[in-house]
Amino acid sequence: MRKITLKHKPPEGLARQLAEDLNPSQREAAAAPDGYNLILAGPGSGKTRVITYRVAWLIGRGVPAESILLVTFTRRASREMVGRLGGLVGNEAGRVWAGTFHHVGNRLLRRSARELGFEPNFTILDGEDQTDLLRLAMDDGGLASKNKLAPKPSQVQHLISFALNTRKSLEEAVAETAGDLVEWTAEIQQVAEAYAARKLASNCMDYDDLLVLWLKLLNEHPARLAEQGKMFRHILVDEMQDTNALQIEVVEKLAAAGAGNLTAVGDDAQSIYRFRGADYDNILKFPDRHPGSRIFRLDVNYRSTPQIVALTQASIACNQTGFPKSLVSTRPDGLKPVVVAVADVYEEAALVCQEILETRDRGVPLSEMAVLYRNHYDSVVLQGELLARNIPYNVRSGIRFFEQAHVKDVLAFLRVVLNPRDEASWRRLLLLLPGIGPAKAGAVYQKLASSGDPFSAVAAAGTMAAVPPKSRGLFAAFVNDLNLIRATDPENRPAAAIQAVLAGGYPATIRQRYDKPENRLKDVEQFAVLAAKYESLERLVADLMLAGDLYGVDASGGEDPTDLLVLSSVHQAKGLEWSHVFVIRLVDDGFPNRRAVDEPGGEEEERRIFYVAVSRAKNELMLSYPSTISRGGYGPTVFSTPSRFITEVDPELYERAELEHDFEVLEIEAKPGDGDDERPTK
DNA sequence: ATGTGCGGAATTTTT
DNA sequence: TTCCGCACAT
Ligand SMILES: Nc1ncnc2c1ncn2[C@@H]1O[C@H](COP(=O)(O)OP(=O)(O)OP(=O)(O)O)[C@@H](O)[C@H]1O
């Protein structure tokens, strides 16, 4: 037989870019041989760049893009990396399996849901849905809320999740993180089981399931393990320091079952997700787990001025644990970071706004500036001031877009269409009807669940009998709305389904139950616009439930909606950079967080959070703290202590700014024709 | 069984 | 300030 060889050329210009855009140690890491590789380096040293170029390099060598798994920490990071990859290798970039652990788990579980007892149309539960189902499970599972000392649903939720993510038993998790609840361990265990049963019965998975069930699939179905091992010939994990035991087990299992090619990238000093089970030993012990693996270090910082690097390095040096890394800035000298004490949170907001406006006047776009804070509520006073001064901004903390009650209501309509067994969504919809409370909602759901076809059951006479007489009219209208929604071919045209929700009784419900109904209706319209980009309801809903970066408030008041100031929690700022960074509310009890410092290892975790915050700045960094603070707007105003993260470093490393006040003289304009015997000026 | 109104408690960080 | 749980009236 004749052999024909198809010739493949590496993408145009890739070789040149690999040579020009990377320094020698970065290049060495990007072009590391197959096998287990660890890239351990400080902030701004080009880790993200290296991992992106490594993927490009692999593709350039003929590795099929679809056999590469690139695990990122956020969806935003994945989008950015795929975008940059597109610039290097063109269309191939889109075929890489890029996403967070949860995204990839979701995609894979859709294919294999049946092997785990689920249907492929399972829905993903967000935190609130989880709490709702857990509350029901607590009623089932012997944790009646009567007892004052009994754990609260949110506590139980956290414990169950923490145990799963750390691969510890519930006993261990309780003993470690909530010692006062040890006597409840048996009940919590029971609740966990009842909760899992409810999820299975309603064909729903929570965030943890996307990992737990993925691992279960790999453990219990050898064919799937072999298949996925083959599928992912190269695995790359960004932000390795914030992976937890569960995630590590999944990737390492995949790598071992496949080609044994795993590249891990990260910085133990930037590990800030301990509350979610992250453990930076996952990165530090990588060489122990994989004898013979290569380690790459990068110690040139391309991001920040030497002055900023000096402060960040001095701060992290206060931690006793962690792997020390040298870091040298390549940038020209800049200004020292500035530390300002302000009188109170209002003065802080005014100061930050003024600095931002002046910086913008000097030609720096708003999108090159960010205000970072430890706790979401640290941003609310500033938001008020930004609104008053017409500075457009984008918030990345707090409630996500889809977590707002009205968006969740609309989502519930879509979700029951998608997965008619979705208990959380049925309950949510039923509870919107006046006269139907938890008991009736439960009874109706039972009728739906026990029938083969919930949609005919919901319209059946027997179901109506369970509805109190005075609610029957509204219930019938609700059933009618559901039918109209289902008639729009919602699976393939999600936007039309949302329009159908808006055409039914739901807007009246919004007006009756919620404040600011017009704003909320606008959000729903916005949701429809977003949905119009999708041709699959399943993908829309899954994307939304996993959309960690889509927040509610997008106050783009200005003319140029693309130039927005960023307000972000430090956690959401991970991996990002801005020219000018403002870190606010640097008071002890706030940043570091008061509750965190009491936990063992808590102070060092908080210091890492501070480290992440200050290392986001490229050119200028301002740290501010109010000298007086009233806790959250209630309670008395007290003197505050400046954050230990400021006071513990050498004062030579920053410049202290004095705040002066300049009152523009108020001239009362005399109206022409007025006499001179006016009221006295104040 | 629902819904309202009171009092007390409490606020990390997120997929 | 807001949210949650509880007691009471419907
Ligand atoms: N060799 C290089 N030459 C010029 N600029 C570079 C080089 N490597 C990285 N940079 C730039 O330095 C900045 C930081 O890079 P990158 O975000 O990849 O760092 P990182 O190590 O991932 O940081 P972090 O740990 O903070 O997420 C980016 O603006 C990047 O473009």
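Numbered from 1 within each chain, the chains take letters A, B, ... in sequence-line order. Worth knowing before you read on, the calculation uses all heavy atoms, side chains too, and leaves out hydrogens, waters and symmetry mates.
Within 4.0 Å (heavy atoms only), A/Y273 reaches sugar-phosphate atoms of the nucleic acid but no base atom. A/H376 comes within 4.0 angstrom of sugar-phosphate atoms only, judged by non-hydrogen atoms across all strands, and of no base. At a threshold of 4.0 angstrom between heavy atoms, the contacts of A/E599 include nucleobase atoms, whether or not backbone atoms are also involved.
An OP1 or OP2 oxygen of B/dT12 is reached within less than 4.0 angstrom by a side-chain nitrogen or oxygen of A/R595.
To the nearest angstrom, C1' of B/dT12 lies 11 Å from NE2 of A/H158. Atom OH in A/Y377 sits roughly 7 Å away from atom P in B/dT13 (whole-Å rounding). In this structure, A/L211 places its CG atom 18 Å from P of B/dT14, rounding to the nearest Å. One atom, CD of A/E603, and another, P of B/dT12, lie 19 Å apart when rounded to the nearest Å. In this structure, CD of A/E128 is placed 9 Å from P of C/dC4, rounded to the nearest angstrom. Separating the CG atom of A/D589 from the P atom of B/dA10 is a distance of 16 Å, rounded to the nearest angstrom. Note: CZ (A/R427) to P (B/dA1) measures 13 Å, nearest angstrom. Protein atom CG of A/D598 is 13 Å distant from nucleotide atom P of B/dT12, rounded to whole Å.
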Produce the list of close N/O pairs, under 3.5 Å, pairing protein atoms with atoms of nucleotides 3-8 of chain B; give distances to one decimal.
| residue | atom | partner | partner atom | Å |
| --- | --- | --- | --- | --- |
| B/dG3 | OP1 | A/G435 | N | 2.5 |

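Listed candidates were B/dT2, B/dT12, B/dT14. Nearest to the side chain of A/N375 is B/dT12. Among the nucleotides B/dT12, B/dT2, B/dT14, the one closest to any side-chain atom of A/K440 is B/dT2. The side chain of A/A439 sits closest to B/dA1 out of B/dA1, B/dT12, B/dT13.
A donor-acceptor contact closer than 3.5 angstrom links the side chains of A/Q383 and A/Y393. Side chains of A/D378 and A/N375: a donor on one and an acceptor on the other come within 3.5 Å. Checked by atom type, the side-chain pair A/Y551/A/Q572 shows a donor-acceptor distance below 3.5 Å. In this structure, a donor-acceptor pair under 3.5 Å is present between the side chains of A/R415 and A/S425. A donor-acceptor pair shorter than 3.5 Å cannot be found between the side chains of A/Y273 and A/N244.
With its ring centre under 5.5 Å from that of the base six-membered ring and a plane angle below 30°, A/F275 counts as stacked on B/dT13.
Between A/R167 and A/E249 there is a salt bridge, since a side-chain N of the basic residue sits under 4.0 Å from a carboxylate O of the acidic one. Salt-bridge annotation for A/R274 and A/D279: absent, with no side-chain N of the basic residue lying under 4.0 Å from a carboxylate O of the acidic one.
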Contacts under 3.5 angstrom, residues 443-450 of chain A side chains, donor-acceptor by atom type, not counting sequence neighbours:
| residue | atom | partner | partner atom | Å |
| --- | --- | --- | --- | --- |
| A/Y445 | OH | A/R421 | O | 2.7 |
| A/S450 | OG | A/Q446 | O | 2.8 |
| A/S450 | OG | A/K447 | O | 3.3 |

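A 6.0 Å sphere centred on CZ of A/R276 holds more than 12 heavy atoms belonging to other residues, nucleotides or ligands.
A 4.5 Å side-chain heavy-atom check between A/V104 and A/W97 finds at least one atom pair inside the cut-off.
In terms of position on DNA chain B, the residue among A/H102 and A/K470 whose nearest nucleotide sits closer to the 5' end is A/K470. Comparing A/T100 and A/K152 against DNA chain B, the residue whose closest nucleotide sits nearer the 5' end is A/K152.
With both ends at atom C1', the span from B/dT13 to C/dC4 equals 22 Å, rounded to whole Å.
Between the base of B/dT13 and the side chain of A/R374 there is a donor-acceptor pair shorter than 3.5 Å.
Shown for residues 567-574 of chain A: residues whose heavy atoms fall under 4.0 angstrom of DNA chain B, namely A/S569, A/H571, A/Q572.
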